[in-house]
There are 2 protein chains.
Amino acid sequence: MKCGPPWLRTKFVSAGYRWTLPRQVILDVLQKSSGHLSAEDIYFAVHKRYPAIGLTTVYRTLDLLVQMGLVFKFDFGDGRARYESIKKGKGQKHHHHLICTGCGRVIDYTDFIDEEIELLNLTEKELSKKYNFKILNHIIQFYGLCDKCK
Amino acid sequence: MKCGPPWLRTKFVSAGYRWTLPRQVILDVLQKSSGHLSAEDIYFAVHKRYPAIGLTTVYRTLDLLVQMGLVFKFDFGDGRARYESIKKGKGQKHHHHLICTGCGRVIDYTDFIDEEIELLNLTEKELSKKYNFKILNHIIQFYGLCDKCK
DNA sequence: CTAACTGCAAATTCTTTGCATTAGT
DNA sequence: ACTAATGCAAAGAATTTGCAGTTAG
C-alpha cells in the first residue's frame, strides 16, 4: 500500500483535508475487502498493518469518507453500521441483500433479474425529477427466512 | 382505544402470549401514527396515555411484534431503529424512502408504487425460488442529496 | 509554523438484562 | 395458581467527544 491513485490525494487536498496514512490505509482496506464491513472489522484489518491507528480514527475517517461520497454506509438492523467503498476493486460488484431474520445470515446477490434493473431505473428517474433529488445510491434488502430457518 | 380487533387477541393468545395493555397500546400507537417511529417516539406516545408503561416494555414489545410479523423494523442509518406497523391504518400506504445524506431528511414516497410493486413481486418470486428463501418484507431506500443540499 | 489530524480515556446514546413484583388466563 | 409480562436499575455495546500531543502542507 503506497499512496493510492493520485486523484484521491488531490481530492482530499483540494477540499482542505490531509492525505494521511490512516486515511490511505482505511480506504485501501475498504477497496480490497468484499463489502459490508463494520467499523470494528475495519479497525482490526487496519490495526493489523498499523497498530498505532486507533478505533476513534477509524470512525472519524469513515464519517469523512461517507461525507465525501467515497464510501457508503448502511445498516442491516443488527445495531452496527456497515461500510462499503463506492468504487469497487476488481471482482467486486454492486449487490443487493437477502437477510434472514431468523439467524441473521446475509446473502449477497448480484444476478439481478431484468425486472429489478428496470425497477431501479424507472424509480430513480422519476424520483430525481419529482423531488429534485440527486440520487447517489440505493439499498435494496429483502427480509425473510432462509431455508434452514423456515 | 379498547382492545383492538379480536383476531389480534386471538393471534397473541394462540401463540401463548398474553394480550396485555402495553401491547394493545403500542400496537394502537403504531397503527395510528404515520410511520417510522423510533422506540423513544413510541415510548413518549404510549407514556402520555399510560405513564406506568416503561421504555423497557416498549423495546420488548417491539421485538415481539417484529418477531410475530406485525411490525417492521428498519433503519435510516442514524443510529436508532424505526418501527412501522405492517397493517396500516386508514390513509396510510406502503411507501419507500428517499434519504438525504446531507441533512438527514427523509422523504416518503408512494408514487410509482404500483409499478414498483409489480416488479418487486417478480423479483421476490425469483429470489425465493433461487435461494429457497421465504421473503416477508423489503426495504427500498434511495440515498442522495436533496435540493437544498446538492 | 499552524491548523488539521490523531489517540486515549471518558462520555453519550441506544438497547438489553437481572430480578423482584404484577397481572393474564 | 401458574407463568408470562412488567418496571426499575444496572449493564452492555456502538459511537462520539474533549483534550493534549503529533504531523502534513
Side-chain angles (χ1 to χ4, degrees), chain A residues 2-4 6 8-27 36-44 46-68 70-71 73-83 104, chain B residues 2-4 6 8-27 36-44 46-68 70-71 73-83 104:
Chain A
K2 286 289 168 20
C3 310
L8 259 182
R9 184 200 179 108
T10 304
K11 185 167 170 109
F12 274 78
V13 171
S14 65
Y17 302 125
R18 291 175 181 177
W19 186 234
T20 65
L21 182 66
R23 289 170 184 181
Q24 292 167 41
V25 181
I26 290 167
L27 265 170
H36 41 83
L37 298 177
S38 68
E40 207 180 18
D41 293 335
I42 295 164
Y43 171 67
F44 284 142
V46 160
H47 198 258
K48 208 182 303 175
R49 289 201 255 161
Y50 296 89
I53 298 174
L55 182 57
T56 306
T57 298
V58 171
Y59 275 109
R60 277 192 285 226
T61 301
L62 289 169
D63 281 351
L64 179 66
L65 298 177
V66 168
Q67 187 216 297
M68 291 175 76
L70 295 169
V71 163
K73 175 181 183 177
F74 56 104
D75 205 293
F76 292 150
D78 63 347
R80 71 186 67 196
R82 307 293 176 145
Y83 299 87
Chain B
K2 288 287 169 26
C3 307
L8 258 182
R9 183 198 181 112
T10 305
K11 183 163 172 115
F12 274 78
V13 172
S14 65
Y17 301 124
R18 290 173 182 176
W19 186 233
T20 65
L21 182 66
R23 289 171 184 180
Q24 293 167 40
V25 182
I26 290 167
L27 264 170
H36 41 82
L37 299 178
S38 67
E40 205 179 21
D41 293 335
I42 295 164
Y43 170 67
F44 285 142
V46 160
H47 198 258
K48 209 182 302 174
R49 288 201 257 160
Y50 295 88
I53 298 175
L55 182 57
T56 306
T57 298
V58 171
Y59 275 109
R60 277 191 286 228
T61 301
L62 288 170
D63 281 351
L64 179 66
L65 298 177
V66 168
Q67 187 215 297
M68 291 175 76
L70 295 170
V71 163
K73 173 181 183 176
F74 54 102
D75 204 292
F76 293 148
D78 64 347
R80 72 186 67 196
R82 308 294 177 144
Y83 299 87

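Below, read A as the first sequence line, B as the second, and so on, with proteins coming before strands; counting in each chain starts at 1.
- Taking 4.0 angstrom as the limit, B:Arg80 places none of its side-chain polar atoms (N or O) nearer than this to OP1 or OP2 of D:dT15.
- If you check D:dT15, C:dT6, D:dT16 against the side chain of A:Pro22, the one that comes closest is C:dT6.
- B:Arg23 contributes a side-chain N or O that, together with a main-chain N or O of B:Arg18, makes up a donor-acceptor pair within less than 3.5 Å.
- Summarising the geometry, the separation between OH on B:Tyr50 and P on C:dA23 is reported as 14 Å, rounded to the nearest angstrom.
- Counting to the nearest Å, the P atom of D:dA13 and the OH atom of A:Tyr43 are 17 Å from each other.
- Positionally, the nearest nucleotide of DNA chain C for B:Leu55 lies more toward the 5' end than for the other of B:Arg18 and B:Leu55.
- Both B:Tyr17 and A:Ala52 sit near DNA chain C, but only A:Ala52 has its closest nucleotide nearer the 5' end.
- At least one side-chain nitrogen or oxygen of A:Thr20 sits closer than 4.0 Å to the OP1 or OP2 atom of C:dT6.
- B:Tyr59 has a side-chain polar atom (N or O) that falls below the 4.0 Å cut-off from OP1 or OP2 of C:dT15.
- Put simply, the side chain of A:Tyr17 does not reach to within 4.5 Å of the side chain of A:Lys11, judged on heavy atoms.
- At whole-Å resolution of the value, CG in B:Asp75 and P in D:dA14 are 14 Å apart.
- Rounded to whole Å, the distance from CZ on A:Arg9 to P on D:dA24 is 10 Å.
- The interatomic distance linking B:Asp78 (CG) with C:dT15 (P) rounds to 9 Å, in whole Å.
- The distance between atom CH2 of A:Trp19 and atom C1' of C:dT6, rounded to the nearest whole Å, is 17 Å.
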message: Evaluate A:Leu70 against A:Phe12 for side chain to side chain contact (heavy atoms under 4.5 Å, CB included), listing each step before the verdict.
response: CA-CA 11 Å; A:Leu70 295 169; A:Phe12 274 78; 3.9 Å; yes

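- The nucleotide whose nearest atom lies closest to any side-chain atom of B:Thr61 is, among D:dT6, C:dT15, D:dT15, D:dT6.
- Within the 4.5 Å cutoff, the side chain of B:Asp41 has no heavy atoms near those of the B:Tyr83 side chain.
- No side-chain heavy atom of B:Asp75 sits less than 4.5 Å from a side-chain heavy atom of A:Phe74.
- Rounded to an integer number of Å, the gap from CZ of A:Phe76 to P of D:dA14 is 16 Å.
- Contact check, B:Arg23 against D:dT6: a side-chain N or O comes under 4.0 Å of OP1 or OP2.
- Which of C:dT16, D:dT6, D:dG18 sits closest to the side chain of A:Arg60 comes down to D:dG18.
- Summarising the geometry, the separation between CG on B:Leu62 and P on C:dT15 is reported as 10 Å, rounded to the nearest angstrom.
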